[in-house]
Enquirer: 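Supplied in structure tokens, the structure appears directly below.
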Amino acid sequence: MKLGQFNACDMENYGDLLYPVVTKHLLQQKRSDVTLKLYAFLPGVAPDGAGYEARGIQRLLCRRDQHLDALIVGGGDILRTDTVMLASHYKETYKKRRERKFFGRIWKMILGSGDSAEEFRQRYMSYEAIGPFVIDSARFPNIGLVAYCSAGVPFAFNNQNRLEVSRALNNSAFIYVRDNPSRDKLVEAGVTRTIHVAPDLIVTLSDFYPLNEQKRIGQEIFRVHGIDKSKPVLCFQCTPQDSENMDIIVAELVAYAERTGSAVALLPIGRCHGDDRVLRSIEKLSNNRLTYINVITIFDMIAVIAASVRFLGTSMHGNITAFSYGIPHLFGPLDVDKIKGFLEVAELDSRLKLSSWADIGDGLSMLDKFESDYFSSRAEKAKRRVNDVIDQLLVVLEHH
């Protein structure tokens with residue numbers, strides 16, 4: 001079975017880079033004859049040592065010189081129509097990649113940087129679609145079926161877009177969304193076909209990267225960074241914050257480390273969001289009492305989280321990685337639907353999302369009150385739900 005997968009695996013973002021890795025493991029453990037070609041806006045080697053190359057989706061959809069049995073779209077917050085905003089997320093990534101090339105540097109010298117976001121949109125998102133990831137299979141016969149897998153819907157669709165969104169989704173072969181708010185937004189937009197709801201497929205990560213091996217790798221990374229191996233480690237991550245929040249975060253983390261005798265590892269897993277810069281600043285503000293972990297591959301990031309006894313961060317997939325390994329975790333105070341949706345679909349306590357950074361100490365103390373198998377038992381149930389929906393996806397693909 002010749003399948004393609006299309007998602008944002010060209011971004012320096014942990015979760016987006018993990019999706020093709022985990023999807024391939026899931027599919028090939030069930031069907032040995034599956035081949036998976038990867039597609040993104042920017043063709044080339046994926047960042048952060050992900051270990052694969054992606055083809056350009058523009059070529060697949062516009063030139064139509066490639067053929068697939070099906071295109072799997074997902075995962076991530078991809079069912080959206082704000083194309084200009086999505087293009088702006090690629091502005092810096094695109095500029096860096098363009099300027100690495102000789103003709104790109106010459107172009108910059110002659111014409112300046114220009115509007116790289118608009119240039120990116122015209123060059124890589126100009127195919128016929130209401131949203132860059134909302135692909136109507138009726139318009140692209142060379143890709144066979146379209147299936148949405150572990151997809152999120154970050155915003156409700158406006159009245160002008162609902163008809164085209166519902167048409168594209170109703171023409172798809174399969175829809176698997178990662179939370180109930182995403183399903184509700186699709187239903188509101190007029191999607192009438194079956195919508196499967198299961199946790200984000202990254203919950204299965206630990207089935208393919210076993211805990212003991214990952215802990216060994218992670219502990220060696222801690223050793224290299226000067227963290228005492230006898231200390232339990234809290235892994236922390238966040239996106240850029242204002243100065244007031246920065247002061248609160250540092251004070252709370254230092255107080256936690258001193259109170260519990262723990263080390264705090266500051267792990268950047270979303271350079272596209274600037275979390276490497278903010279975490280370096282947090283290390284400096286703490287007078288190096290908190291330790292920045294300078295890793296660059298997604299596999300080292302997995303290992304660092306697996307070797308920690310607690311995880312706290314704004315990254316959804318950082319938290320999901322901890323959850324997969326049964327590690328107690330807290331979401332930072334980020335006001336987005338997907339966090340609430342994940343906690344609900346994974347049957348986790350809503351208090352695992354902090355209301356403010358000032359609650360770090362209380363939140364981490366709360367984790368000690370959960371029963372020892374609270375996270376691991378729910379992770380196993382979540383994995384079964386993901387495997388069930390992937391089985392259903394394969395049945396649909398096999399019978400079309």
Enquirer: Report yes or no: does E252 contribute a side-chain atom to a donor-acceptor pair with the main-chain N or O of G361 at less than 3.5 Å?
Expert: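 Yes; at least one donor-acceptor contact below 3.5 Å.
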Enquirer: Got a second to check how far L266's CG is from I282's CD1, nearest 0.5 Å?
Expert: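 If we round to the nearest 0.5 Å, L266:CG and I282:CD1 are 6.0 Å apart.
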Enquirer: Taking the ring centre of each residue, are F133 and F41 less than 6.0 Å apart?
Expert: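 Ring centroids of F133 and F41 are less than 6.0 Å from each other.
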Enquirer: For the CG atom of N170 and the OG1 atom of T192, what is their distance to the nearest 0.5 Å?
Expert: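 Spacing of CG (N170) from OG1 (T192) equals 3.5 Å.
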Enquirer: Measure the NZ-CG distance between K284 and N288 for me, rounded to the nearest 0.5 Å.
Expert: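 Reported to 0.5 Å precision, the distance equals 10.0 Å.
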Enquirer: Is any side-chain N of the basic residue among D335 and K353 closer than 4.0 Å to the acidic one's carboxylate O?
Expert: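 So D335 does not pair with K353 through a salt bridge.
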Enquirer: Could E380 and K383 be called an ion pair, given the rule that one side-chain N must be under 4.0 Å from one carboxylate O?
Expert: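 Looking at E380 and K383, the cut-off is met.
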Enquirer: Is the distance between the ring centroids of Y90 and Y124 under 6.0 Å?
Expert: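 No - the distance between ring centres of Y124 and Y90 does not fall below the 6.0 Å cut-off.
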Enquirer: Is there a donor-acceptor pair closer than 3.5 Å between any side-chain N or O of N142 and the backbone N or O of L60?
Expert: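 At least one qualifying donor-acceptor pair exists.
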Enquirer: Quick check: do F222 and K231 have side-chain heavy atoms less than 4.5 Å from each other?
Expert: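 The answer is no; the side chains never approach within 4.5 Å.
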Enquirer: Check the orientation of Y127 and F6. Use parallel for under 30°, tilted for 30 to 60°, and perpendicular for over 60°.
Expert: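 Ring orientation of Y127 relative to F6: perpendicular.
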Enquirer: Is a side-chain N or O of N319 found less than 3.5 angstrom from the main chain of S315, in a donor-acceptor match?
Expert: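 Looks like yes, one N/O pair under 3.5 Å.
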Enquirer: Without hydrogens or angle criteria, can the side chains of T23 and Q5 be said to hold a donor-acceptor pair below 3.5 Å?
Expert: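 Short answer, yes.
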Enquirer: Tell me if the CD atom of E244 is crowded by more than 12 foreign heavy atoms within 6.0 Å.
Expert: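 For E244, atom CD is not crowded (no more than 12 foreign heavy atoms under 6.0 Å).
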Enquirer: Judged by atom type as modelled, is there a donor-acceptor pair below 3.5 Å linking the side chain of D275 to the main-chain atoms of I269?
Expert: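 It does hold such a pair.
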Enquirer: Taking the basic N atoms (NZ, or NE/NH1/NH2) and the acidic carboxylate oxygens, is any pair closer than 4.0 Å for R216 and E213?
Expert: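 Yes, charged N to carboxylate O under 4.0 Å.
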Enquirer: Kindly indicate whether the side chain of Y148, heavy atoms from C-beta on, has any atom under 4.5 Å from the side chain of L186.
Expert: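 They are not in contact (no side-chain heavy atoms under 4.5 Å apart), so the answer is no.
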Enquirer: Atom CG of L393 and atom SG of C149: how far apart are they, to the nearest 0.5 Å?
Expert: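 If we round to the nearest 0.5 Å, L393:CG and C149:SG are 6.0 Å apart.
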Enquirer: Is K338 paired with D200 through a side-chain N to carboxylate O contact shorter than 4.0 Å?
Expert: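 Result for this pair is no, no salt bridge flagged.
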Enquirer: Please examine the side chains of F311 and T321, heavy atoms only from C-beta on, and report whether any two atoms are closer than 4.5 Å.
Expert: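 No, every pair of side-chain atoms sits at 4.5 Å or beyond.
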Enquirer: Counting only heavy atoms not in K37, do more than 12 fall under 6.0 Å of its NZ?
Expert: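 Yes, the 6.0 Å shell around NZ holds more than 12 heavy atoms from other groups.
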Enquirer: Taking V345's backbone N and O only, do any of them form a donor-acceptor pair with D179's side chain (distance below 3.5 Å, no angle check)?
Expert: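 No.
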Enquirer: Just by distance, no angles: are the side chains of Q214 and Y325 close enough, under 3.5 Å, to form a donor-acceptor pair?
Expert: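 Side-chain D/A pair, Q214 to Y325: absent.
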Enquirer: In terms of side-chain heavy atoms, does N387 have a donor or acceptor partner in R384 at a distance below 3.5 Å?
Expert: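 Distance-only check fails for N387 and R384.
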Enquirer: Say you draw a straight line from CG of L364 to OG1 of T260; how long is it, rounded to the nearest 0.5 Å?
Expert: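 These two atoms lie 8.5 Å from each other.
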Enquirer: Salt bridge check: are E220 and R223 linked by an N-O gap of less than 4.0 Å?
Expert: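 Judged by the 4.0 Å cut-off on N to carboxylate O distance, E220 and R223 do form a salt bridge.
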Enquirer: Is there a side-chain contact between I221 and H225 (heavy atoms, below 4.5 Å)?
Expert: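 Side chain of I221 against side chain of H225, heavy atoms only: contact under 4.5 Å found.
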Enquirer: Okay, side chain of Q241, backbone of T239: is any donor-acceptor separation there less than 3.5 Å?
Expert: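 Present.
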Enquirer: Would you find more than 12 non-hydrogen atoms of other residues, nucleotides or ligands less than 6.0 Å from K30 atom NZ?
Expert: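 Enclosed: over 12 neighbouring heavy atoms sit under 6.0 Å from NZ of K30.
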Enquirer: Between the side chain of E283 and the main-chain N/O of Y292, is any donor-acceptor distance below 3.5 Å?
Expert: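 Yes: the side chain of E283 pairs with the backbone of Y292.
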Enquirer: When you measure from the side chain of T81 to the backbone N and O of I130, does any donor-acceptor pair fall under 3.5 Å?
Expert: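 No, the answer is negative, given that no donor and acceptor are paired below the 3.5 Å cut-off.
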Enquirer: Tell me whether M85 at atom CE has more than 12 heavy atoms from other residues, nucleotides or ligands lying less than 6.0 Å away.
Expert: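 No, not enclosed.
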Enquirer: Answer yes or no: is there a donor N or O on one side and an acceptor on the other, between the side chain of S172 and the main chain of L169, under 3.5 Å?
Expert: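 Yes, the answer is positive, given that a donor and an acceptor are paired below the 3.5 Å cut-off.
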Enquirer: Find out whether N161 and V134 are in side-chain contact, i.e. whether some heavy atom of one side chain is under 4.5 Å from a heavy atom of the other.
Expert: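 N161 vs V134: side chains apart.
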Enquirer: How many angstroms lie between CG in L367 and OH in Y374, if you round to the nearest 0.5 Å?
Expert: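 Between L367 CG and Y374 OH, I get 10.0 Å after rounding to 0.5 Å.
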Enquirer: Quick check on I296: does its CD1 atom have over 12 non-hydrogen neighbours (other residues, nucleotides or ligands) under 6.0 Å away?
Expert: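 Incorrect, the count does not exceed 12.
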Enquirer: Flag the pair V254 / E258 as yes when at least one side-chain heavy-atom distance between them is below 4.5 Å, and no otherwise.
Expert: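 Yes, side chains in contact.
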Enquirer: So, do L352 and F323 sit near enough that their side-chain heavy atoms are less than 4.5 Å apart?
Expert: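 Not touching, per the 4.5 Å side-chain cut-off.
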Enquirer: So does D207 get a backbone contact from the side chain of T204, meaning a donor-acceptor N/O pair under 3.5 Å?
Expert: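 No; judged by distance alone, with no hydrogens or angles, the pair does not exist.
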